[in-house]
Amino acid sequence: LCLAELTKGKSNCLKRTFRYVLKSLWEIALPSVPNPTKNIKFDWQEQNPREPLTNNELEAILEVARKSRAGDEVAALIQVAVYTGLRRKDCVYLEASDICNDILEISPYKTRRKGIQVRIPLHPRLKQVLETMPVDGKGRFFPSLVREYERGLLQPRLQRIFSKVVKTSVSKEGRVRRVPFKTFHSLRATFITRLAESNVNLDVIRALAGHTRLDMTLHYCHQRAEFKTRAIETLNFETP
């Protein structure tokens with residue numbers, strides 16, 4: 001099938017699309033022959049991990065978001081992501097019923113079929129933000145953003161907000177197109193990285209992020225240089 005040649009330099013998302021097309025064509029043309037595309041897997045570690053945001057970058061992005069249309073909703077959406085580590089879709093469809101006794105309990109859409117449920121204590125700052133947000137008849141915090149998301153308009157809008165503050169894509173050797181660098185998904189990396197820098201147990205971080213494997217959590221974790229320097233400075237092998 002030469003799938004490796006067809007998808008050379010492409011993202012995993014495009015590789016999965018190629019595989020799906022080939023799988024469909026195979027089932028139509030050769031329905032009685034075992035489909036070899038079912039055994040093709042792609043390594044997620046090849047993907048370019050999003051870089052976490054600094055505090056200054058986050059503040060600047062929030063400032064730009066507040067000046068945009070429906071600015072309060074967009075800024076609140078960003079704060080939900082950075083204080084919970086949830087993916088964009090989970091943030092957009094967040095409902096008041098997902099919160100009970102200051103605990104956010106949700107089944108992330110990406111791992112829902114595996115029966116994974118995450119319980120995230122509500123940060124005081126995020127609780128204050130959500131208390132100011134009016135909910136619609138279905139109990140959703142971001143009804144206008146839900147409509148934008150379903151029409152495919154929210155992602156480019158967030159991209160424009162982030163691009164005014166940070167570099168959202170970079171060139172990478174071996175890739176045909178530029179790869180994402182600091183985007184909305186960087187808020188998830190920021191959440192995980194800040195917890196790791198605060199010496200939170202990695203198993204706790206994995207549970208909060210809703211990951212099934214610890215190596216996926218480490219994939220998102222990018223401790224800053226100063227934290228690594230402090231860690232080395234704690235070493236002391238001298239005899240008293």
Side-chain angles (χ1 to χ4, degrees), residues 7-18 42-94 108-110 126 129 142 144-197 209-211 216-227:
T7 60
K8 186 177 180 180
K10 304 293 192 299
S11 67
N12 272 5
C13 181
L14 193 56
K15 288 178 181 179
R16 286 192 293 268
T17 303
F18 268 90
F42 302 115
D43 187 3
W44 57 264
Q45 291 179 331
E46 294 178 358
Q47 293 294 90
N48 190 59
R50 304 294 195 276
E51 286 291 315
L53 299 167
T54 66
N55 290 347
N56 289 338
E57 288 172 340
L58 182 58
E59 285 298 323
I61 287 171
L62 286 171
E63 186 64 27
V64 173
R66 291 188 182 102
K67 294 178 180 179
S68 66
R69 179 170 46 83
D72 290 339
E73 278 193 53
V74 179
L77 183 78
I78 292 172
Q79 291 177 85
V80 167
V82 79
Y83 283 116
T84 65
L86 293 176
R87 300 174 183 85
R88 183 178 63 244
K89 184 175 181 179
D90 293 321
C91 293
V92 170
Y93 284 97
L94 187 67
Y109 80 93
K110 201 168 184 178
L126 179 57
V129 169
F142 310 111
S144 67
L145 299 186
V146 168
R147 291 190 291 271
E148 283 191 41
Y149 178 86
E150 292 174 347
R151 295 172 60 192
L153 302 176
L154 183 59
Q155 182 175 352
R157 181 181 176 190
L158 291 171
Q159 189 84 353
R160 288 192 297 271
I161 291 174
F162 275 69
S163 64
K164 291 181 179 179
V165 178
V166 295
K167 185 183 296 185
T168 57
S169 63
V170 294
S171 299
K172 185 177 180 180
E173 186 178 355
R175 293 288 291 271
V176 176
R177 296 183 179 180
R178 293 168 67 88
V179 298
F181 185 60
K182 290 192 176 184
T183 63
F184 187 89
H185 201 63
S186 294
L187 300 173
R188 183 169 173 80
T190 305
F191 171 80
I192 293 172
T193 299
R194 294 295 179 269
L195 290 176
E197 290 176 345
H211 289 151
M216 176 60 84
T217 304
L218 294 173
H219 184 65
Y220 278 85
C221 192
H222 307 272
Q223 283 96 337
R224 288 169 289 181
E226 60 264 32
F227 283 86

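Residues: numbered from 1 along the sequence shown.
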Give a yes or no on whether the backbone of Ser169 and the side-chain of Arg178 come within a donor-acceptor separation of less than 3.5 Å. yes
Under 3.5 Å: donor-acceptor pair, side chain of Ser68, backbone of Ala65: yes
Point-to-point distance, once rounded to the nearest 0.5 Å, from CD of Glu51 to CZ of Phe181: 4.5 Å
Main-chain N/O of Leu53 paired with Thr190 side-chain donor or acceptor, under 3.5 Å: yes
So Lys182 and Lys167, do their side chains get closer than 4.5 Å, heavy atoms only? no
For Tyr149, does the six-membered ring have the charged nitrogen or CZ of Arg88 within the cation-pi criterion, i.e. under 6.0 angstrom from the centroid and within 45° of the normal? no
I'd like to check Tyr93 versus Leu86 (side-chain heavy atoms, cut-off strictly below 4.5 Å). Are they in contact? no
So CG of Leu77 and CG of Leu154: to nearest 0.5 Å the spacing works out to 6.5 Å
Note, Ser144 side chain near Glu73 side chain (heavy atom, < 4.5 Å): yes
As an exercise, state the distance from NZ of Lys67 to CD of Glu63, rounded to the nearest 0.5 Å. 5.0 Å
Pair Glu197 + Arg194: basic N to acidic O under 4.0 Å: yes
From Thr183 atom OG1 to Leu158 atom CG, the distance as rounded to the nearest 0.5 Å: 9.5 Å
Return yes if some donor-acceptor pair links the side-chain N/O of Ser186 with the main-chain N/O of Arg50 below 3.5 Å, else return no. no
